[in-house]
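Note sheet for the following structure.
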Amino acid sequence: MSDAHNAILEPLINETDLHAGISQLVDRIADDFDGDELYVIGLLRGSFMFTADLVRLLYRRDVRLVIDFMTVASYGSGTESSGEVNMMRDVHLDLTDKPVLLVDDILDTGRTLSFASQHLSEFKLASLKTCVFLDKPSRRVVPFEADYVGFTVPDLFVVGYGLDFDGRYRELPHLSVIQTPRSTGSDHPDHTPP
Ligand code: XMP
């Protein structure tokens, strides 16, 4: 499929499979946090859709939740990231002694989740688990494994379901692979689509 932005999008995970995978993930999380009040921290912006679906399904499984969001950003020039991740908006909750589930859209180099986990650990949490919609293990630079993974994907630049390319395609209800002539991604400066 070619669209108005001159990009070619190839579907990778359709809506039905996507929701089935997330449902299975929620079953595991609900079993693990049975009876606890779980503090869900979504990483903006990419995880907004995943987090929204996740918390609604957790609600249906009777998991009591407290929800907040954090924004972190990595900086770089052109297609090369400096590898440095910075806090843009911190959590506004007291997380001391709380069980926390940190949610992100995709685990790629591992820098973002490593930074965010390290930051949250400073709150002296009861526990910290991480949950990602996607894992791209072949891209890892910093060793990091998420506790809950929706789907493992190959080293392709993907958009949709919250993931963007220059702010576009976040609204897609499914996941697609994007191929563009030449451009840079907004959330992910060190990983330019071909
Ligand atoms: P790191 O490398 O820190 O990156 O694990 C996590 C962030 O990078 C973005 N990212 C992508 N965004 N399609 C996207 O739209 C991709 O294929 C992709 N790979 C990484 C994303 O924002 C994620 O939070």
Using the rule that two of Ile, Leu, Val, Met, Phe, Trp, Tyr join whenever any of their side-chain heavy atoms come within less than 4.5 Å, decide whether Val100 and Met87 are in one cluster. yes
Roughly how far apart are Leu57 CG and His19 NE2, rounded to 0.5 Å? 8.5 Å
Look up atom CZ in Phe69 and atom CG in Leu43, then write down how far apart they are to the nearest 0.5 Å. 10.0 Å
I would like to know whether Tyr161 and Leu18 meet side-chain contact (heavy atoms from CB on, under 4.5 Å); could you show each step before the answer? CA-CA 9 Å; Tyr161 201 64; Leu18 190 151; 3.6 Å; yes
Among all residues two or more places apart in sequence or in another chain, which pass the side chain to side chain donor-acceptor pair (under 3.5 Å) test with [X]?
| X | answer |
| --- | --- |
| Asp32 | Tyr148 |
| Thr16 | none |
| Asp94 | Thr96 |

Name all residues meeting the ring-ring contact (aromatic ring centres under 6.0 Å, His included) criterion together with His119; count only those two or more places apart in sequence or in a different chain, and write none if there are none. Phe123
Please give me the minimum heavy-atom distance between Ile13 and Phe151, naming the atom from each residue. CD1-CG, 3.6 Å
Grab the two heavy atoms, one from Pro11 and one from Ser176, that are nearest each other, plus how far apart they are. CA-OG, 3.6 Å
Going by salt bridge (Lys or Arg N to Asp or Glu O under 4.0 Å), name the residues that satisfy it together with Arg60, two or more places apart in sequence or in a different chain. none
The salt bridge (Lys or Arg N to Asp or Glu O under 4.0 Å) partners of Asp90 (sequence neighbours excluded) come to none
Not counting sequence neighbours, list each pair that qualifies as a side chain to side chain donor-acceptor pair (under 3.5 Å) and has a residue in residues 120-132. Thr130-Asp147
Name all pairs fulfilling the salt bridge (charged side-chain N to carboxylate O under 4.0 Å, His left out) condition that reach into residues 12-28, sequence neighbours left out, sorted by first residue then second. Asp27-Arg61
How would you list, by chain and number, every residue that makes a side chain to side chain contact (heavy atoms under 4.5 Å, CB included) with Thr71, sequence neighbours excluded? Leu44, Met88, Arg89
List for me each residue that meets side chain to side chain contact (heavy atoms under 4.5 Å, CB included) alongside Thr152, sequence neighbours excluded, and say none if there are none. Asp135, Pro137, Val149
Is the side chain of Asp68 donor-acceptor paired with the backbone N or O of Val91 at a distance under 3.5 Å, no angle test? no
If a pair satisfies ring pair (Phe, Tyr, Trp, His ring centres under 6.0 Å) and one of its residues is in residues 20-55, list it, with sequence neighbours excluded. Phe50-Phe133
Do Leu102 and Leu128 pass the side-chain contact (heavy atoms from CB on, under 4.5 Å) test, and can you show the C-alpha distance, the side-chain angles, and the key distance before you say yes or no? CA-CA 7 Å; Leu102 176 61; Leu128 176 63; 4.1 Å; yes
Between Leu54, Val63, Val55, which is the residue that forms a side chain to side chain contact (heavy atoms under 4.5 Å, CB included) with Val26? Leu54
